[in-house]
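Protein chains get the first letters and strands the later ones, always in sequence-line order, with residue 1 at the start of each.
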Amino acid sequence: MRYSALSLLTKALGGNKGWSPAFRSPTPKPHYDVIIVGGGGHGLATAYYLSKVFGITNVAVLEKGYLGSGNIGRNTTIIRSNYLLPGNNPFYELSMKLWEGLEQDFNFNAMVSQRGIVNLFHSDGQRDAYTRRGNAMQLLGVGAELLDRDAVKTMLPFMDFDNARFPILGGLLHRRGGTVRHDAVAWGYARGADSHGVDIIQHCEVTGIRRENGKVTGVETSKGFIGCNRLALAAAGNSTVVADMAGLRLPIESHVLQAFVSEGLKPFIDCVVTFGAGHFYVSQSDKGGLVFGGDIDGYNSYAQRGNLATVEHVAEAGVAMIPSLSRVRVLRSWGGIMDMSMDGSPIIDRTHIDNLYLNAGWCYGGFKATPASGYCFAHLIARNAPHETARAFRLDRFETGRLIDEKGVGAQPNLH
Amino acid sequence: MASLITCPHCGPRPKEEFSIRSDASLTRPAPDADAETWHAYVYLRDNSRGRHREYWHHAAGCRRWLVVERDTQTHVVHSVTDAADATRTRGAA
Amino acid sequence: MTPFRLPAGGRIDRSHKIGFSFDGRAYYGHAGDTLASALLANGVSLMARSFKYHRPRGPVTAGASEPNALVTIGTGGRTEPNTRATVAELYEGLDAVSQNRWPSLSFDIGSVNSLLSPVLGAGFYYKTFMWPAAFWEKVYEPLIRKAAGLGRATYEADPDSYEKCWAHCDLLVIGGGAAGLSAAVTAARAGARVIVADEQAEMGGWLLSESGVIDGTLAATVLAGLLFELEGHPNVTLLSRSTVFGWYDDGVFGAVERVQKHVPRIDANRPVERLWRIAARHAILATGAEERPLVFGGNDIPGVMTASAMRTWLTRYGVAAGKNPAIFANDDSAYALAADLEAAGMAVAAIVDPRADGGRDWTGRAEVLRGAVVTDAHGGKAVEAISVRVNGTLRKIAADALAMAGGFSPVIHLSCHRGAKPVWSEEKAAFLAPSGLDGLTVAGGAAALRGLGAVMADGAAKAASVLAAIGFAGTPAFASAPEEGGAAKPLWSVPGTKGKAFVDYQNDVHTKDLGLAVREGYGHVELAKRYTTNGMATDQGKLGNVNAIGILAEARGVSPAEVGTTTFRPFYTPVSFGALAGTSRGKHFQPVRQSPLHGWAKRNGATFVETGLWYRSAWFPRAGETTWRESVDREVTTTRSAAGLCDVSTLGKIEITGRDAATFLDRVYCNGFAKLPVGKARYGLMLREDGFIYDDGTTSRLEENRYFMTTTTAYAAGVMAHLEFCAQALWPELDVRFASVTDEWAQMAIAGPKSREILSAIVDADLSDAAMPFLGAKTVTLGGGAIEARLFRISFSGELAYELAVPAGYGEAVADAIMEAGRVHGICAYGVEALAVMRIEKGHVTHNEINGTVVPADLGFGRMVSATKADFIGRAMLAREGLTDLDRPRLVGVKPVDPKDGFRTGSHILAEGAEATLENDQGYVSSSCYSPSLGHTIGLALVKRGPERLGERVQIWNSLRGEFTMGVLTSPVFIDPDNARLHG
């Protein structure tokens, strides 16, 4: 069923009784060409592109919870392609280009809103680092603008320009960055993949990976054994747990990242802003809530909750950046489990185990990558060769030293 | 986790006094260990869902590095020991 | 007399009139009123408009879970949008305005949305607004954004202050109602340290609203007795106006105390809110139960409210919610309301009880219609009548208010903040807190008990058992009492309604939306929430979620247990940014670190710059200098031609001692230190274990087993922690100790050809090249033995230079003395800008180059890396192919082909003639400056195979600035490559 204003009208006239399910609830078949573990954004996007672009439709997505119950449903909805390093930059730009045509492509309004991202800087050193980054973006045609203090003041007059501990000197503006309604991305991909024949199986937990003669042949699940020719892991914060079933040790730690939303407000802030003197970034959802966050809590965790000290740090930075936030009330905090890799960049690669493919290590940046991650992972699975923009995301780069370390903090995940 | 960590030297102290430096179950290889061993030490992690040992530094307290053993699912802290003691114990084992 | 205020009754102070305004109109209420009670007393029941359909709304509750009656209170920087009128205490001059309406609350254009509701059903926006693509951001989204949101936040800074504190106790009692207070009394008598936190202005919970008796004593009397006793216990802290908003690990609870939210004039010496972090050995959750609305047509019309709200208005505030209210009673508790209404002289229009056997004990006048339901409430901005279906026929009954008693949901949110899931109880028809929570016990109404006597007994009994567990001998302060009967039977929604039947009031989610979600595959409770927005409003589903779960369960044909709840997360009720930020704001966002030479720099006219937490002197402008460059150029030229003094106190300084100090240093630096002679300094590179450079600095051997290490300013704390890690966790067998002495020493660089001469006037020791050669390090005395100091002959500028460290307290005096001694030689003070210029001229690197992704060879330090040491941090991983690849960006100098051209840091390097693409990117300028010594811009750059390309012309590409400069790659050492000046 195609969604449109017309479909809304005709269905409304029928008392909205005529809407059919956006996705089926299939029972698993005994065997699939490809099984994707993880019905989050990346897994669903992979299934969508496998079926739509690469012609592989005999695909199952296994999700242990409900559809989109992982980080796709608990992030701060920001999309951007303002990366520094050549290993990352073209990949995230591919993602941005896919975002730009996504809704028409999968016929679902995910509210892709390119409202712009401003990274504030507060010192000459930060300005220089952003200059380098902005020029890298320019070289790729991403588009970047360096704002001076006055330009930032015109754009965001309500920030602390008069009494700040760390004065705002300017900002790097990435106009094509913005926000997307996160849940809708999962639903849009799920509905699209489903329409191409993909089986999305919710509440189906993978409990084991079966190997015969060293090759993966299928998975044990809470709904029984399901065979496959290729097994693709897209389990985000639980990547280690799933990889462990195949005896694969990963360069990943799982950490908790908290995020927050305020009470609904009339339009307050139009773009996404990141603070340069503390851990804080904020945007406003179409519903009116200020969506914001800060740094990861810093300890390994599989519990989707954080601690109060981090909450306070985030609020402190928020009020330092925008003093009038003080009287705004925070409605809700939540936590997601980040698959923090050892250099802060992701992995999309084959593994040394035949038929086993890995998509992991997204740190706290997986949401923006969803379309390209799905596309490139599908490419890898379908063609058995990496997509050109994801060539650097190799699993063996930690052995070879060809790291992609945007922050330059090394093999300590909680610093990335 | 960890609103409070019970430092063996200072008693229960708020989390903000500590900084954290990842997996404490790893043993630094011998200098002449092979590349794979070093790679595993620097980059590969058990990342357990359950019991996990982690280095915490009582940075705003006694300045001792501690090994905090806790559960990554429930956030229950099982034990906190001085890192030097933990290393000596491991060396002796 | 306000029209709906009853002549007597309630806890308000009728002798104390309070004036306030709503939407510009003046009203008055009384001390003890909330804004909502005062407005209702004035006959104002229309207080707000809903989110989506802009339906007229009044308060449906009398407390913290209120979804409807949200207003903006205050003006200027004190503006608080979305304030619940039901919890806002009235104060003189309170200024409230309604929200989400235009042009006015009573005439709101947005209410046209209600007519369009068939096309504006759940998730409608996911299905449209996609064409043309560009219209989303330009047309649709701005319209949606404008329509969405409730109140408007201010852009003015908050003029008030906030603070935080820690508290520790044996028992935290959350909720000061019947169960909580009886628990607290039990614990207080046992001698435990008790904190009772309650969200309301007055402790008491439902005891404040209850007109009846408990075991023969009036509820109000019982309450007074409890509070009197608790106030007399020194081991009890009573925190009213304090909401416990979250339960965190290790028994830590977050609470916000509203210190000055109820006062007409803010005392600037006190916070408006105080954040409490309460570490409790155990907590008792005594948060009571929330009465559910019933779901029928028009259940949102102002005047429709929960029965407990109507009773609270009546008994606590002396306010009549209507003149002839009706009651939709699915729970016997509603009959107490009916009795109170009749006692107050009102005629209850009808009691509609869906149960066949409800209200058996009713002896009042009102007619009870059993087995009947209210299908619809009628009216526009106020209830006018209700439709009742009784025995299969519809009957219209006139009523100007309607109380809903849908049954009670225990308030268990906090118990689930740490991951536990609520458990459905078929017997109680409610979600209960899971059992076996570590450190938290649920008591009273929150444990689904009914009746104040039973609740008090439960609070006391639970407290006694908790006390025993934590080592106190406690006896329950109240004896057990039977529960009251007459509980609600599940009635999640009334079938056969005409109007919209709302489940989530604020977000306008009605029954059809939930049905649609199930039909479209979003029937999982979390998907339904996300698809319909049910439970996402400011009340976070406190009021509507259980009904929603019941409705989903019916639609899916399963039990509520199978549907389950969405996740309870902090905050229990919304918490202000201000409270969470506390004192950390504005200039106090982070602490300030000042060098011991700060005063000296200030006297010398320094301009300061924030460098991490430090304020460092950036340059020292002199009269006539109009730009920073003029000052910096002059400082560089003066230093290079005569002498300059620079404050380098912010460098990290670490004293390292112990028998194995040398061994230790050999392991943490990649170059050798064991053979460093006493009295010498050495430049050291510290790597991370992954082989990349972590930090650099000089370390001097002062005695056989005593070293003095310097780190960069930025990495001082990190290096100290790293050293401690290595010593404690890696090599505890080594005898080595560290002391951070950064703040102990004032350290100054004295550079320039005259530096030796100048210093000789201050330092007692012989400074000749023979006695104090390059990289000499020794303890010296100043002023004829008056001060002991440390002198290092090291140079960042490339000039003959020294660094002198003196005890911090002597810093300014010594700096003054050096300036005085240098006056005749033309010495100047120079700041970090001139320091940077001189180090770039000399090709010295900083963290601009050591950016965490470079190895020693990248910076030309390849030969420094020891090939002989068996072990040092980073050694093993340095050998990886990616770190030895000659194609890596490596350090070079870069200068413009035309000296008139400039360029900036952050520019990228492209080969001459190459197209500007990412593939052609060759590297970037990591540092740059105008070199007054050379008369043109110079830079350091990390360029692929850079050192092999010296002399090559390149593009210095800065598209961000529109600056494209032709440059040439050079040696990074621009000045004195033979070090003649250094050794001078």
For this session: For the residue pair A:R327 and C:T79, establish whether any side-chain heavy-atom pair is separated by less than 4.5 Å.
Result: no
Exercise. Can you tell me if C:R880 uses its side chain to pair, donor with acceptor, with the backbone of A:F398 under 3.5 Å?
Worked result: yes
For this session: Name the option with the most non-hydrogen atom pairs under 4.5 Å to chain A; the candidates are C:T853, C:L883, C:T917.
Result: C:T917
Exercise. Using non-hydrogen atoms only, which part of A:I269 is less than 4.5 Å away from chain C: side chain, backbone, both, or neither?
Worked result: backbone
Problem set entry | Contacting moiety of C:T567, where chain A heavy atoms sit under 4.5 Å | both
Seminar exercise, completed: So, the part of A:Q304 with a heavy atom under 4.5 Å from chain C: the answer is both
Problem set entry | Proximity breakdown for A:H122 and chain C, heavy-atom pairs closer than 4.5 Å | neither
Exercise. So, the side chain of A:R165 versus the backbone of C:S584: is there a donor-acceptor pair under 3.5 Å, distance only?
Worked result: no
Exercise. C:V272 versus chain A, heavy atoms under 4.5 Å apart: side chain, backbone, both or neither?
Worked result: side chain
Exercise. Would you say A:Q138 and C:L960 make side-chain contact, with heavy atoms under 4.5 Å?
Worked result: yes
For this session: Considering non-hydrogen atoms only, spot the tightest contact between A:A315 and C:A581 and give its length.
Result: O-CB, 3.8 Å
Problem set entry | Exam field: side chain A:R332 to backbone C:T538, donor-acceptor pair closer than 3.5 Å | no
Problem set entry | Which atoms of A:E145 approach chain C - backbone, side chain, both or neither, heavy atom under 4.5 Å | backbone
Exercise. Angle class for the A:F158/C:Y155 ring planes (parallel below 30°, perpendicular above 60°, tilted otherwise)?
Worked result: parallel
Exercise. What part of A:A303 lies closer than 4.5 angstrom to a heavy atom of chain C: side chain, backbone, both or neither?
Worked result: neither
Exercise. Which atoms of C:S926 come close to chain A, meaning under 4.5 Å heavy atom to heavy atom: side chain ones, backbone ones, both, or neither?
Worked result: neither
Problem set entry | chain A interface, residue from C:Y162, C:F245, C:Y694 that has the most non-hydrogen pairs under 4.5 Å | C:Y162
Problem set entry | Plane angle bin for C:Y522 and A:W187 - parallel if under 30°, tilted between 30 and 60°, otherwise perpendicular | perpendicular
Problem set entry | Heavy-atom check, side chain of A:D124 versus side chain of C:E833, under 4.5 Å | yes
Seminar exercise, completed: Heavy atoms of A:V319 and C:F577 approach each other most closely as CG2-CB, 3.8 Å
Seminar exercise, completed: For C:V119 and A:A12 the tightest heavy-atom approach is CG1-CB, 3.4 Å
Exercise. Do the side chains of A:W19 and C:K127 get nearer than 4.5 Å, heavy atoms only?
Worked result: yes
Exercise. Between the side chain of C:Y924 and the main-chain N/O of A:N135, is any donor-acceptor distance below 3.5 Å?
Worked result: no
Exercise. Would you find a donor on one side and an acceptor on the other, under 3.5 Å apart, between the side chain of C:S576 and the backbone of A:R329?
Worked result: no
Problem set entry | Residue part contacting chain C, namely of A:L403, when any heavy atom lies under 4.5 Å | side chain
For this session: Name the orientation class of the two ring planes belonging to C:F589 and A:F275 (parallel below 30°, tilted from 30 to 60°, perpendicular beyond 60°).
Result: tilted
Exercise. Under the 3.5 angstrom rule, does the side chain of A:Q104 hit a backbone N or O of C:M130 as a donor-acceptor pair?
Worked result: yes
Problem set entry | Under 4.5 Å from any heavy atom of chain A - which part of C:F129 | both
For this session: Give the member of C:G578, C:P574, C:G691 that has the highest number of heavy-atom pairs under 4.5 Å with chain A.
Result: C:P574
Problem set entry | Option that, when pairs with chain A are counted at under 4.5 Å, heavy atom only, ranks first among C:P118, C:G149, C:G852, C:S907 | C:G149
Exercise. Is it the side chain or the backbone of A:S20 that comes within 4.5 Å of chain C heavy atoms, both, or neither?
Worked result: backbone
For this session: Below 4.5 Å from any heavy atom of chain A, which atoms of C:F692 appear? Answer side chain, backbone, both or neither.
Result: side chain
Seminar exercise, completed: For A:F268 and C:T154, the nearest pair of non-hydrogen atoms, with its separation, is CE1-O, 3.5 Å
Problem set entry | Residue part contacting chain A, namely of C:D690, when any heavy atom lies under 4.5 Å | side chain
Problem set entry | Side chain to side chain, C:L918 and A:N89, heavy atoms closer than 4.5 Å | yes
Exercise. What heavy-atom pair brings A:V112 and C:E137 nearest, and what distance separates the two atoms?
Worked result: O-OE2, 3.2 Å
For this session: Would you check if A:R132 and C:N958 make a side-chain contact, meaning some heavy-atom pair closer than 4.5 Å?
Result: no
Seminar exercise, completed: Applying a strict 4.5 Å limit to non-hydrogen atoms, the region of A:L172 in contact with chain C is side chain
Exercise. Can you say whether C:N920 sits under 4.5 Å from chain A via the side chain, the backbone, both, or neither, judging by heavy atoms?
Worked result: neither
For this session: Let me know if C:R688 has heavy atoms under 4.5 Å from chain A in its side chain, its backbone, both or neither.
Result: side chain
For this session: Compute both the distance and the angle, then confirm whether A:K287 meets the cation-pi test with C:F51: under 6.0 Å from the six-membered ring centre, within 45 degrees of the axis.
Result: yes
Exercise. Any idea which heavy atoms bring C:R145 and A:D270 closest together, and the distance?
Worked result: NH1-O, 4.2 Å
For this session: Check whether the ring centres of C:Y125 and A:Y3 lie less than 6.0 Å apart, and answer yes or no.
Result: no
For this session: Specify which of C:E141, C:R585, C:K164 makes the most heavy-atom pairs with chain A at under 4.5 Å.
Result: C:E141
Exercise. Has the side chain of C:R519 got a donor or acceptor atom that lies under 3.5 Å from a matching backbone atom of A:N16?
Worked result: yes
Exercise. So do A:L265 and C:P81 actually touch side chain to side chain, heavy atoms under 4.5 Å?
Worked result: yes
Exercise. Under a 4.5 Å heavy-atom cutoff, which of C:A537, C:G586, C:S117 has the most pairs with chain A?
Worked result: C:G586
Exercise. Just by distance, do the side chain of A:D286 and the backbone of C:I144 share a donor-acceptor pair under 3.5 Å?
Worked result: no
Problem set entry | Under 4.5 Å from a heavy atom of chain C, the part of A:R181 involved | side chain
Problem set entry | Minimum side-chain heavy-atom gap A:T131-C:T905 below 4.5 Å | no
Problem set entry | Partner chain C: residue of A:G15, A:P157, A:A164, A:P90 with the largest heavy-atom pair count (under 4.5 Å) | A:A164
Exercise. Do A:D128 and C:R904 sit within salt-bridge range, that is, some charged N less than 4.0 Å from a carboxylate O?
Worked result: no
Exercise. Contact part of A:R115 toward chain C, heavy-atom cut-off under 4.5 Å: side chain, backbone, both or neither?
Worked result: side chain
Exercise. Any donor and acceptor pair, going by atom type alone, linking the side chain of A:K266 with main-chain N or O of C:Q99 inside 3.5 Å?
Worked result: no
